[in-house]
Enquirer: 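Below are the structure tokens for one structure; questions will follow.
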Amino acid sequence: MNAKRSSVPVALLDWYDAHRRVLPWRARPGETVDPYRVWLSEVMLQQTTVAAVTPRFLAWTARWPDFASLAAADDADVMAAWAGLGYYARARNLVKAAKAVVAEHDGVFPRTEAELRTLPGLGAYTAAAVAAIAFGERAVVVDANVERVVARLFAITTPLPAARPAIRAAADTITPDMRAGDFAQAMMDLGSSICTTRNPKCLLCPLRPDCDGFAQGEPERLPVKAKKAAKPQRHGTIFWLERDGQVLLVRRPDTGLLGGMRALPTGPWTDQPPGFEAAPAQADWQMLDDRVTHGFTHFDLELGLAVARVEAHQPGEWWPVETLDTAGLPTVFAKAAQAIRAR
DNA sequence: GACTCGTGGCT
DNA sequence: TAGCCAAGAGT
């Protein structure tokens, strides 16, 4: 235990200095860290890959480069800019947090983990990561990478999520007082490139001399995870109402699935087959033979596509079909729109 | 602790 | 292919 405390940070930081990734939100050695960019990147990276985040981060920071501009942004613009990234509460909370920084912190991002933790969208991980990376505070940063590295390093065999307290305690023992931000990023770089979920590259790992999981064999079996429940199948109908080259869009409620997002009208998503009961208007609806499928985190969805044209005006937001790709639709609706337009 | 909440990439 | 997984947070 104490052997790891002294050897792991040194070995890991040496490895990081030689192999650290260059990322748009990451300050190079000697550069000044921008807390706004660190925070934004950490939120975007929640459950989201570096490849998916990179172009979004660049576009976002070009449009809203700081807390003040984001706090003053139009909500619909923000949600449209987030479309396709998923977990849309993140976008809603980004605006809430930016407004809170401007209104309650004089525009200055708080620098302690405890203060950061009070802002919307900053949970245990993100508050610790921002405190460490942006402000150099010593904080125990535990994400899925760190969980995996630590579970192997200490050969923790308790299944997740029950193992979380033990993993955090172990991570605490190897977190250094200095360079805590680099240490956190090094752990994540190691987890993404060396200590991977499958086929870890132990022969290249700077922590192999300290790794109990390697010493005991089969480190790839760690961490142990509880099995997940099967996803149910749900069904529904998407309504494509067209008038003079424009299609009717709605705005979904702020809470719940795809909350606050612009969308095509849809009925409830249940175990019932597609039907016209929830149509947004009286019209000569035709059900297409095509079906659109989409997987969410906790259920799979198969949608019928109901289409109709109207002449009379209907209340709602009408969007030109030709520019529908700029409407900021979540992926499931973008899929449906493409299927309909392909016909 | 158990759910909800997206998406795309990988094997 | 079908499942697994990723820089998690909120309730």
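Residue numbers begin at 1 in each chain, while the letters A, B, ... track the order of the sequences.
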Enquirer: For Arg92(A), which contact category applies under a 4.0 Å heavy-atom criterion: base, sugar-phosphate, or nothing?
Expert: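 It contacts nothing in the nucleic acid.
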Enquirer: Which word best sums up how the rings of Trp60(A) and Trp82(A) line up, parallel for under 30°, tilted for 30 to 60°, or perpendicular for over 60°?
Expert: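 Aromatic pair Trp60(A)/Trp82(A) classed perpendicular.
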Enquirer: What's the gap between dC5(B) and dA6(C) when it is taken at their C1' atoms, as a whole Å value?
Expert: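 Per the computed distance, 15 Å lies between those C1' atoms.
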Enquirer: What I want to check is whether the side chains of Gln286(A) and Asp284(A) have a donor and an acceptor closer together than 3.5 Å.
Expert: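 Gln286(A) vs Asp284(A): donor-acceptor pair found between side chains.
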Enquirer: Which value, in whole Å, describes the distance between the C1' atoms of nucleotides dG8(C) and dG1(B)?
Expert: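 Looking at atom C1' only, dG8(C) and dG1(B) are 16 Å apart.
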Enquirer: Let me know the distance between CE of Met188(A) and C1' of dC5(C), rounded to the nearest Å.
Expert: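 Result: 17 Å.
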Enquirer: At 4.0 Å (heavy atoms only), tell me whether Gly256(A) reaches a base, stays on the sugar-phosphate, or touches nothing.
Expert: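 The answer is sugar-phosphate, as Gly256(A) gets under 4.0 Å only of primed atoms, P, OP1 or OP2.
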Enquirer: What contact category does Ala124(A) fall into here, base, sugar-phosphate, or nothing, at under 4.0 angstrom with non-hydrogen atoms?
Expert: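 Sugar-phosphate: the residue Ala124(A), judged by heavy atoms under 4.0 Å, touches backbone atoms but no base.
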Enquirer: Over all strands shown, is Gly259(A) touching base, sugar-phosphate only, or nothing at heavy-atom distances under 4.0 angstrom?
Expert: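 The residue Gly259(A) makes no contact with any strand.
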Enquirer: For Ala162(A) and Gly84(A), take the nucleotide of DNA chain B holding the closest heavy atom to each; which residue's nucleotide lies nearer the 5' end?
Expert: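 Between the two, 5'-proximity favours Ala162(A).
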Enquirer: To the side chain of Arg117(A), which of dG10(C), dA9(C), dA6(C) is closest?
Expert: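 Among dG10(C), dA9(C), dA6(C), the one nearest the side chain of Arg117(A) is dG10(C).
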Enquirer: Specify the separation, in whole Å, of atom CG of Leu94(A) and atom P of dA9(C).
Expert: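 Rounded to the whole Å, the gap is 12 Å.
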Enquirer: Do any side-chain nitrogens or oxygens of Thr126(A) fall under 4.0 Å of OP1 or OP2 in dA9(C)?
Expert: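 Looking at the OP1 and OP2 atoms of dA9(C), one of them is under 4.0 Å from a side-chain N or O of Thr126(A).
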Enquirer: Checking all strands, does Leu23(A) fall into the base, sugar-phosphate, or nothing category for heavy-atom contacts under 4.0 angstrom?
Expert: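 If one applies the 4.0 Å heavy-atom cut-off, Leu23(A) turns out to touch a base.
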Enquirer: The side chain of His298(A) is closest to which nucleotide in this list: dT7(B), dA7(C), dC5(B)?
Expert: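 Closest nucleotide to the His298(A) side chain: dC5(B).
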Enquirer: Roughly how far apart, to the nearest Å, are dG10(C) and dG8(B) at atom P?
Expert: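 Straight-line distance between the two P atoms is 24 Å.
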Enquirer: Regarding Leu258(A), tell me which of base, sugar-phosphate or nothing describes its non-hydrogen contacts under 4.0 Å with the strands shown.
Expert: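 Sugar-phosphate, no base atom in range.
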Enquirer: Measure from CG on Leu160(A) to C1' on dA2(B) and round the result to the nearest Å.
Expert: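 Going from Leu160(A) (CG) to dA2(B) (C1'), I get 15 Å.
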Enquirer: Does Thr197(A) make a side-chain N or O approach to OP1 or OP2 of dA6(C) shorter than 4.0 Å?
Expert: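 The answer is yes; a side-chain N or O of Thr197(A) sits under 4.0 Å from OP1 or OP2.
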Enquirer: Could you give the CG-to-C1' distance, from Leu329(A) to dG6(B), as a whole number of Å?
Expert: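 For the pair Leu329(A) CG and dG6(B) C1', the rounded distance is 15 Å.
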Enquirer: Decide ring-ring contact (aromatic ring centres under 6.0 Å, His included) for Phe296(A) and His298(A); before the verdict, give the C-alpha distance in whole Å, the side-chain angles of both, and the deciding distance to 0.1 Å.
Expert: CA-CA 6 Å; Phe296(A) 291 101; His298(A) 51 294; 7.5 Å; no
Enquirer: Do Trp64(A) and Thr61(A) get their side chains close enough for a donor-acceptor pair, meaning under 3.5 Å?
Expert: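 No, because no side-chain N or O of Trp64(A) sits under 3.5 Å from a partner of the opposite role on Thr61(A).
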Enquirer: Please report, rounded to the nearest Å, how far the C1' atom of dA2(C) is from the NZ atom of Lys227(A).
Expert: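 Whole-Å distance recorded here is 14 Å.
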Enquirer: State which of dT11(B), dG8(C), dG6(B) makes the closest approach to the side chain of Ala144(A).
Expert: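 For Ala144(A), the side-chain atoms sit closest to dG8(C).
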Enquirer: To the side chain of Gln46(A), which of dC5(C), dG6(B), dA9(C) is closest?
Expert: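 So the nucleotide nearest the side chain must be dA9(C).
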Enquirer: What is the separation between atom OH on Tyr88(A) and atom P on dA9(C), rounded to the nearest whole Å?
Expert: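 After rounding, the reported distance stands at 19 Å.
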Enquirer: Please verify the inter-ring angle class for Phe57(A) with Trp25(A); under 30° counts as parallel, over 60° as perpendicular, anything in between as tilted.
Expert: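 Judged by the thresholds at 30° and 60°, the geometry between Phe57(A) and Trp25(A) is perpendicular.
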Enquirer: Check whether the side chain of Tyr87(A) and the base of dG6(B) form a donor-acceptor pair under 3.5 Å.
Expert: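 For Tyr87(A), whose side chain was compared with the base of dG6(B), there is a donor-acceptor pair (under 3.5 Å).
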Enquirer: What's the CD-P distance between Gln47(A) and dC4(C), to the nearest Å?
Expert: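 Taking atom P of dC4(C) as the reference, CD of Gln47(A) is at 15 Å.
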Enquirer: Start with the C-alpha distance between Leu85(A) and Thr48(A), add both sets of side-chain angles, then the distance that settles side-chain contact (heavy atoms from CB on, under 4.5 Å), and finish with yes or no.
Expert: CA-CA 8 Å; Leu85(A) 264 184; Thr48(A) 310; 4.0 Å; yes
Enquirer: Could you state the atom-to-atom distance from CZ of Arg198(A) to C1' of dC5(C) in whole Å?
Expert: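 That distance rounds to 7 Å.
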Enquirer: Is the Phe67(A) ring parallel, tilted or perpendicular to the Phe109(A) ring (thresholds 30°, 60°)?
Expert: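 Ring orientation, 0 to 90° scale: tilted.
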Enquirer: Under 4.0 Å between a side-chain N/O of Arg90(A) and OP1 or OP2 of dG6(B), yes or no?
Expert: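 Checking Arg90(A) against dG6(B): no side-chain N or O falls below 4.0 Å of OP1 or OP2.
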Enquirer: Write down the distance separating the P atoms in dT11(B) and dA7(C), rounded off to the nearest Å.
Expert: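 After rounding to an integer number of Å, I get 15 Å for this pair.
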Enquirer: For dA6(C), does either OP1 or OP2 sit under 4.0 Å from a side-chain N or O belonging to Lys225(A)?
Expert: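 It does, given that an N or O in the side chain of Lys225(A) lies less than 4.0 Å from OP1 or OP2 of dA6(C).
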Enquirer: Has the side chain of Thr297(A) got a donor or acceptor that lies under 3.5 Å from a partner of the other kind on the base of dG6(B)?
Expert: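 A donor-acceptor contact between them is present.
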Enquirer: For the base of dA2(B), is there a side-chain donor-acceptor partner from Arg164(A) under 3.5 Å away?
Expert: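 Checked by distance alone, the answer is no.
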Enquirer: Of the candidate nucleotides dA9(C), dG8(B), dC5(B), which contains the atom at the shortest distance from the side chain of Thr331(A)?
Expert: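 That would be dG8(B).
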Enquirer: For His294(A) and dG6(B), is the shortest distance between a side-chain N/O and OP1 or OP2 below 4.0 Å?
Expert: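 Answer is no, no contact under 4.0 Å.
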Enquirer: Does Trp25(A) reach a base, just sugar-phosphate, or nothing at all? Heavy atoms under 4.0 Å.
Expert: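 Base, at least one base heavy atom under 4.0 Å.
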Enquirer: Has Gln338(A) got more than 12 heavy atoms of other residues, nucleotides or ligands less than 6.0 Å from its CD?
Expert: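 Count not over threshold, so no.
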Enquirer: Please figure out whether Ser192(A) or Leu119(A) has its closest DNA chain C nucleotide nearer the 5' end.
Expert: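 Its nearest nucleotide being more 5', the pick is Ser192(A).
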